[in-house]
Amino acid sequence: MTSGDGGRGTGRRVVLRAGASAVLLGAAGCTSGAKSAVAPASSTQDPTLTAAPTAAPTTTQAATQLPNPPLWQPGPGEIQPDVKRRAVELVAALGAWPPGGQGAGAARARVAALGLPPGLADGAGRLAPAVPEAALEVVDAQYGGILADSASVLVVCRQWTRQPDGSVAAGGITVDVRLSRAEPRWTVTAVHPGDPGPAAASPASPASPAPPASPAAPTHAVAKVLAEPRIELPPEAAADLLSGTVHDSVLTAMLRLAGPYALSVSVVRTGHPLDVFGTTRPSDHPLGRAFDVWRIDGRAVVDPATPRQLIESFMRDAAAAGSYNVGGPVAIAGVGNQFFTDDTHHDHVHVGFTS
């Protein structure tokens, strides 16, 4: 069951690129900017975190091949690991293809090969741009909610696309995959690619309103978070910050927590369910008042080898940073619902704010 606000997941990074669907059939089971996006990171590693990426897709000169990281797999400590595996399979089938594998027909065939309804490809949206080739890395797959017969898995991705002129664009997307219990495996019922919208724009001059507004410079707080090497943001989360829709309380808490910890963020606004899964209660995430952390000091929250004391310390410090609603895999005594734990939050720490 769920409580608190939302939920998310594990944390093995993987990339599926051209022909990945065929690999997935044998398995039970987006970037920007300055961060390295090719080398996969184990949930138990303690990698050096580099500067946070900018959110706008970047384009490079033609490359001989797109990145080809290994396939994401759930690790120890997962609840219902095949549910996440199933969600990743679908996202891989929709978001990665070999040269010439673009188009709705090819996407439908890849989805059908997984034993899933081909019509799911019609909802791919930003995940399946009209380009000749694409590669995908799953940074994290975490629960947006897990109930007895239904689930939401938030698949956080980086994506590389070969443009018609041969150049490579790097970006990213977070996809909310909805599933229901079925035999022999859970099935996917819907796919909701995130869309953070454009970066906040500078208003046009009243004297010349015709030209489109240009992106505004990030606020001081946003710029500090994006430049903080101890805060790792996936592309869609960085885009959320640049959109100007994230409350200062979130930014301030991230910076405060980055003092004692290196934190890997999975989701801020985009890609999260509008309501707390299984309820009609609005989530703090789409309102720009929450963020989720899937890895602390290079150690995945879901991994049983990650010290519980580290997670508890982080949760307490998140509350001290102003969060009224901190959820995670550790039960902590607190006032009201300041701390909570449930199956949805066994794989990440949720940090929510009232404003």
Would a distance-only check, ignoring hydrogens and angles, find a side-chain to backbone donor-acceptor pair under 3.5 Å from Thr161 to Val131? no
Would you mind reporting whether Leu263 and Ile296 have side-chain heavy atoms less than 4.5 Å apart? no
Taking the basic N atoms (NZ, or NE/NH1/NH2) and the acidic carboxylate oxygens, is any pair closer than 4.0 Å for Glu236 and Arg269? no
Side-chain contact test, heavy atoms from C-beta onward, threshold under 4.5 Å: evaluate it for Val191 versus Arg178 and give yes or no. no
Does a side-chain heavy-atom distance below 4.5 Å link Leu136 with Arg158? no
Side-chain heavy-atom pair His272, Phe291 within 4.5 angstrom cut-off: no
Output yes when Lys84 and Asp82 qualify as a salt bridge under the 4.0 Å nitrogen-oxygen rule, no when they do not. no
Main-chain N/O of Arg299 paired to Asp297 side chain as donor or acceptor, under 3.5 Å: no
With ring-ring contact (aromatic ring centres under 6.0 Å, His included) as the rule and sequence neighbours excluded, what pairs involving residues 231-268 come up? Tyr261-Phe314
Sequence neighbours excluded, which residues qualify as side-chain contact (heavy atoms from CB on, under 4.5 Å) partners of Leu255? Lys224, Val225, Glu228, Ile231
Can a donor-acceptor pair be found, under 3.5 Å and without considering hydrogens, that links the side chain of Ser249 to the backbone of Phe353? no
Between Arg295 and Asp140 (salt bridge meaning N to carboxylate O under 4.0 Å), is one present in this structure? no
Residues forming a salt bridge (Lys or Arg N to Asp or Glu O under 4.0 Å) with Arg316, sequence neighbours excluded: Glu312
